[in-house]
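This report concerns only the one structure given below.
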Amino acid sequence: MKTKLPLVELKNLTKNYDKKIALKNVNLKLENQKIYGLLGKNGSGKTTLIKLINDLLTPSEGEVLIKGKKPGIESKKIVSYLPERTYLDKSLTVKTAIKEFADFYPDFSFKKAKKLLTQLELDENQKILKMSKGMQEKLQLLLVMSRRAELYILDEPFSGVDPATRDDILDLILENFEENSSLVISTHLISDVERILDEVIFIKNGEIVEFSNAEKLREKENASIDEIFRRRFKNAK
Amino acid sequence: MNSSFNNTKPIYLQIIEKIEIEIISGARSPGERIESVRELAAKLKVNPNTIQRALSELETKKLVETERTNGRFVTKNEAKLKKLKEKYFKEKTKEYILEMEKIGIKITEIRREHEN
Amino acid sequence: MLNKLIKIDLRSTLKIAPILFGIGFFFALVSFFFSKFGDSTIAEVIADISKNFALSFAISGFINVVTRAIGVFWKKLYSDESYLTHTLPLSKKTIYLSKTLATIYSSLIALFVAFIILVVNYNLFENFDALKNFIEATAGVTGGNVVEFLVLIILVFFFEMTTLISVAFCVIILRHSTTNLKATLLSAGSYLAIQAIFLLSLFLIGLFNPEVMELFKNSDSVSADSMKIIFYTAIIVYGLATVVMNCRNIKLLEKGVNVA
């Protein structure tokens, strides 16, 4: 019987920067049709891990495999990534930015994009330069969620967003991610996001300290994931 | 927060309870169609897999039936529904009485209060 | 895919230049009309000033395009925008080639536009003879054939430019994987190596061709044939250098980027 290839596999993954060890021997397998919460404090290695999956960093040791292959053109076709920062050419309008982005991804759905434009209240003729940071982030979210990807990776999708909007964004993410795909949300705002998580991954000082099913963890510790996280991470980084 | 669920308890258990109450109270009629996993997930704003698990449990309890091509429906089995209502009534009453006993109120006082 | 990306890169590179060229063209027109139709001293003065402004703006336009192209390379590969560039489903080779070609195309466009501005500026339609004589005189260096001379000069200039561009890109790439010092040394070293290879090639040719050997002997006269050989050698050396440097840059990128 052939065992199915995991969607993402991190094998003995280590990443060093000059003097700092950002990730220490991380081993992780991510599968299809699951929503993962990558939870940790700022500086714990969440973004480093995500960047390694997206070919923005090279491993110091170990490997990153997406459907069995190293990050490259094939993985980029199926992974839709929302980074923490704004990566758009600010001289463009919303319409042009969408069109140029769509040009490179065969899995881009204009139908979804149109719907998201309305839901996110973005004006397609507006210049990105003139948009607030929050609106720019919404536009990037639109681009990422309009793709019919196999894996969506959202790095801190709620930063810079007010609490009321956070709920809307979470609902939007839930509504729009493709049925058979997986989703990784990296955040430190756990209570907002925990209700949609299948699995939680706690990362601390570059190491994975917990990887469980969310509901099982709740049952076991009789507390919310947010509470469990606080208990474990008190006075630590 | 939009969701009416408490994050400290497994959400799938809360969803099961919510649907059971809807069935008992008549908000969902016997034989009535239940929304798809995705629809429910969007409506209740939780993970589709959580919904799936809750619905599977309800199926195991025979409160919900699946017709392969048509979807899921509330059971028409009157006996089952009656039993569910009774069970819920008994459980909640017991809970209430225990809560009242904690603060020293006895059943006789409760009865008097209820008659008013 | 490559062409789509080239269009986008070209747009970024050619953003400011049109303004500079526009102003330059305006002054060129002014100097054209005042030179041609003006009688008074004031007209002459205006024409002269305009001529200089036109020239400066034409040159700034060109410099702007080249520096901007190099800046765009850095911006798209190593700044915030790199988060988009490196996650597009494109090979590093495609990304690199797009920037290189966009730089070359935009430089050529800028040169052409600058040239037009100068033609108008110095009224070369009418003063064509002066230019013609100048070119013919210079062409004597390679034996008198004007077309051959122009083609050789253009090709040498072109390949020197592409070599410099690839060295500039090399500096940017290396700065992100090693220290600044090493990056500068390696790149400068590469460039010097290219020059050395050029001189060495001439020397080797000189072993078989006494005329060429004269070049190394401090003599004043250089024969037309030797001149041609110098040009051809330069074209070949710089042409190969361009290819080699670009391949090396692509290999460096393929090893992986580490964006902050």
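All chains are named by letter (A, B, ...) in the order of the sequence lines, taking the proteins before the strands, and each is independently numbered beginning at 1. Just the heavy atoms: all of them, side chains too, but no hydrogens, waters or symmetry mates, feed the values below.
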Practice problem: With a 4.5 angstrom heavy-atom cut-off, could you sort out which part of A:L197 is near chain B: side chain, backbone, both or neither? | Solution: backbone
Quiz prompt | Donor-acceptor pair, side chain of A:Y81 and main chain of A:D155, under 3.5 angstrom | solution = no
Practice problem: Flag the pair A:F202 / A:F233 as yes when their ring centroid distance falls below 6.0 Å, and as no otherwise. | Solution: yes
Quiz item: Under 3.5 Å, is there a donor-acceptor pair linking the side chains of A:T165 and A:D168?
Solution: no
Practice problem: Side chain from CB out, backbone as N, CA, C, O: work out which of these in A:E221 comes under 4.5 Å of a heavy atom of chain B, or both, or neither. | Solution: neither
Self-check item: Contact leader toward chain B among A:E219, A:E175, A:R166, where contacts are heavy-atom pairs under 4.5 Å
Solution: A:E219
Practice problem: Tell me, out of A:D226, A:I225, A:N222, A:L174, who's got the most heavy-atom pairs with chain B below 4.5 Å. | Solution: A:L174
Quiz prompt | For the student: nearest non-hydrogen atoms of A:K29 and A:Y36, plus distance | solution = O-OH, 4.3 Å
